[in-house]
Asker: 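Would you mind keeping the following structure in view while I ask a few things?
In what follows, every heavy atom counts, from backbone to side chain, and hydrogens, waters and symmetry copies are set aside. Keep in mind the model is a prediction, meaning the values are calculated, not measured.
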Amino acid sequence: MPEDPEFPTLDIDFSLIWSSETQKAGVRHADSLFAAGVDVSVDRLPEEMAAALRTCPVGGDVERPVSAAFFSGDAPADTIFDLPGDAFRGNPPGGAAITPSVGRYYPRRMISGLPDDPVGRTTPIRYLGRRDGRIAVDTRHPLADHALILSATVRDRRARPSRRQPIDWGARLADGPGMQACWRGRVTEFLSDDAFARPDEGRIPNSTRSLEWSLISTCARSGLWAICIGE
């Protein structure tokens, strides 16, 4: 394929490598993204990595340390906030009330008293718990406490067909990773006492009842009654 060594377009396998701690052991993570048509001249990448990728051959690898701040883009420098106990608004219209669990993430719109967020009000915020009638939340990127390595393997290399709007590949790669890790080794409360309870507990929906009678009728007609209900 024709190459443009100054402004190449690349197909790249990105991997974001990081580690987290649990109460028992450390965990190594590798979150991957295949990016087709990366334009290193305009797309948002760490500067050192973009420079190395310009001349990286097909099959070659580039690996660089990267700060979690890179993935925050133009978002404000967030931090850990101490808020009044009623700042968590877990009563969505038409839905069941939500009791926050330590270590879990909730949409930013459920928490009042935070600075405006240009990324959007659905940005995930980590709930850290309640103490003395107040709550603490962590608004930083989920990867903020982790040392990060960004790895790139070039799969294809070709001349750039035309200019286009820049793509923030870092934001795409880091949208999700980090949320599965414990907060500073503290166990996340994924389950509650009634985690699997249903709002219609104890009631059989009409659709389910109809299905049950349909199965009984079919079994009776086909002579499989004993098999259906057990001997």
Side-chain angles (χ1 to χ4, degrees), residues 14 16-24 26-33 44 46 66-148 150 166-201:
F14 285 112
L16 187 60
I17 303 166
W18 55 285
S19 298
S20 65
E21 295 295 327
T22 68
Q23 290 186 334
K24 295 184 178 180
V27 180
R28 185 177 184 273
H29 306 264
D31 295 282
S32 301
L33 172 72
R44 187 170 181 270
V66 61
S67 168
F70 172 78
F71 300 112
S72 300
D74 297 326
D78 291 338
T79 185
I80 298 174
F81 287 90
D82 177 73
L83 302 170
D86 60 357
F88 184 85
R89 299 173 294 185
N91 294 291
I98 297 173
T99 300
S101 298
V102 173
R104 295 285 299 275
Y105 284 87
Y106 299 92
R108 194 179 186 107
R109 63 171 174 263
M110 286 188 175
I111 303 168
S112 62
L114 296 175
D116 291 338
D117 183 359
V119 177
R121 293 178 59 78
T122 58
T123 306
I125 303 298
R126 188 165 226 166
Y127 176 80
L128 302 181
R130 177 183 292 268
R131 183 177 181 180
D132 297 330
R134 299 182 67 81
I135 65 171
V137 296
D138 189 346
T139 62
R140 301 173 304 160
H141 193 282
L143 293 169
D145 285 336
H146 304 281
L148 309 173
L150 183 59
I167 296 175
D168 189 342
W169 294 107
R172 294 189 180 187
L173 178 59
D175 185 12
M179 297 178 69
Q180 71 271 43
C182 297
W183 188 80
R184 299 180 180 177
R186 185 177 179 180
V187 175
T188 301
E189 295 179 355
F190 285 111
L191 300 178
S192 60
D193 292 340
D194 59 350
F196 299 103
R198 291 172 45 135
D200 60 350
E201 199 89 32

Asker: When you compare the side chain of Arg109 with that of Thr122, does any pair of heavy atoms fall below 4.5 Å?
Answerer: yes
Asker: Would you call Arg140-Asp138 a salt bridge at under 4.0 Å N-O?
Answerer: yes
Asker: Using atom types as modelled and distance alone, determine if a side-chain donor or acceptor of Thr139 lies under 3.5 Å from a backbone N or O of Thr79.
Answerer: yes
Asker: If you compare all heavy atoms of Pro177 against all heavy atoms of Asp31, which two are closest, and at what distance to 0.1 Å?
Answerer: CB-OD2, 3.4 Å
Asker: Walk me through it: do Arg126 and Thr188 pass the test side-chain contact (heavy atoms from CB on, under 4.5 Å)?
Answerer: CA-CA 10 Å; Arg126 188 165 226 166; Thr188 301; 3.8 Å; yes
Asker: Can you confirm whether Pro46 sits close enough to Leu150 that some side-chain heavy atom of one is under 4.5 Å from a side-chain heavy atom of the other?
Answerer: yes
Asker: Check the pair His29 / Ile17 against side-chain contact (heavy atoms from CB on, under 4.5 Å), numbers first and verdict last.
Answerer: CA-CA 6 Å; His29 306 264; Ile17 303 166; over 6 Å; no
Asker: Heavy atoms, side chains only, cut-off 4.5 Å: are Arg108 and Pro124 in contact?
Answerer: no
Asker: Regarding His146 and Ser20, do their side chains bring together a donor and an acceptor under 3.5 Å, going by distance alone?
Answerer: no
Asker: State, yes or no, whether a side-chain contact exists between Met110 and Ile98 at a heavy-atom distance under 4.5 Å.
Answerer: yes
Asker: Got a sec, which residues hit ring-ring contact (aromatic ring centres under 6.0 Å, His included) with Tyr106, two or more places apart in sequence or on another chain?
Answerer: Phe88
Asker: Looking at NE2 of His141 and CG of Asp175, how far apart are the two atoms once the value is rounded to the nearest 0.5 Å?
Answerer: 7.5 Å
Asker: For Tyr105, enumerate each residue passing the ring-ring contact (aromatic ring centres under 6.0 Å, His included) test, keeping only those at least two apart in sequence or located in another chain.
Answerer: none
Asker: Would you confirm whether Glu189, through its side chain, and Ser101, through its main-chain N or O, come within 3.5 Å as a donor-acceptor pair?
Answerer: no
Asker: Working to the nearest 0.5 angstrom, can you tell me the gap between Leu173 CG and Leu33 CG?
Answerer: 5.5 Å
Asker: Drop me the distance from Ile135's CD1 to Asp86's CG, to the nearest 0.5 angstrom.
Answerer: 8.5 Å
Asker: Do the side chain of Arg44 and the main chain of Phe70 share a donor and acceptor less than 3.5 angstrom apart?
Answerer: yes
Asker: Considering only heavy atoms from C-beta outward, does the side chain of Ile167 approach that of Arg172 to under 4.5 Å?
Answerer: yes
Asker: Check the pair Leu83 / Leu114 against side-chain contact (heavy atoms from CB on, under 4.5 Å), numbers first and verdict last.
Answerer: CA-CA 9 Å; Leu83 302 170; Leu114 296 175; 4.0 Å; yes
Asker: Considering only heavy atoms from C-beta outward, does the side chain of Leu143 approach that of Trp18 to under 4.5 Å?
Answerer: yes
Asker: With sequence neighbours excluded, tell me which residues meet ring-ring contact (aromatic ring centres under 6.0 Å, His included) with Trp169.
Answerer: none
Asker: Using every non-hydrogen atom in the two residues, find where Pro142 and Gly178 come nearest and quote the distance to one decimal.
Answerer: CB-C, 3.6 Å
Asker: Grab the two heavy atoms, one from Ser67 and one from Leu148, that are nearest each other, plus how far apart they are.
Answerer: C-CD1, 4.2 Å
Asker: Taking all non-hydrogen atoms of both residues into account, name the closest pair between Leu128 and Arg186 and its distance.
Answerer: O-NH1, 3.3 Å
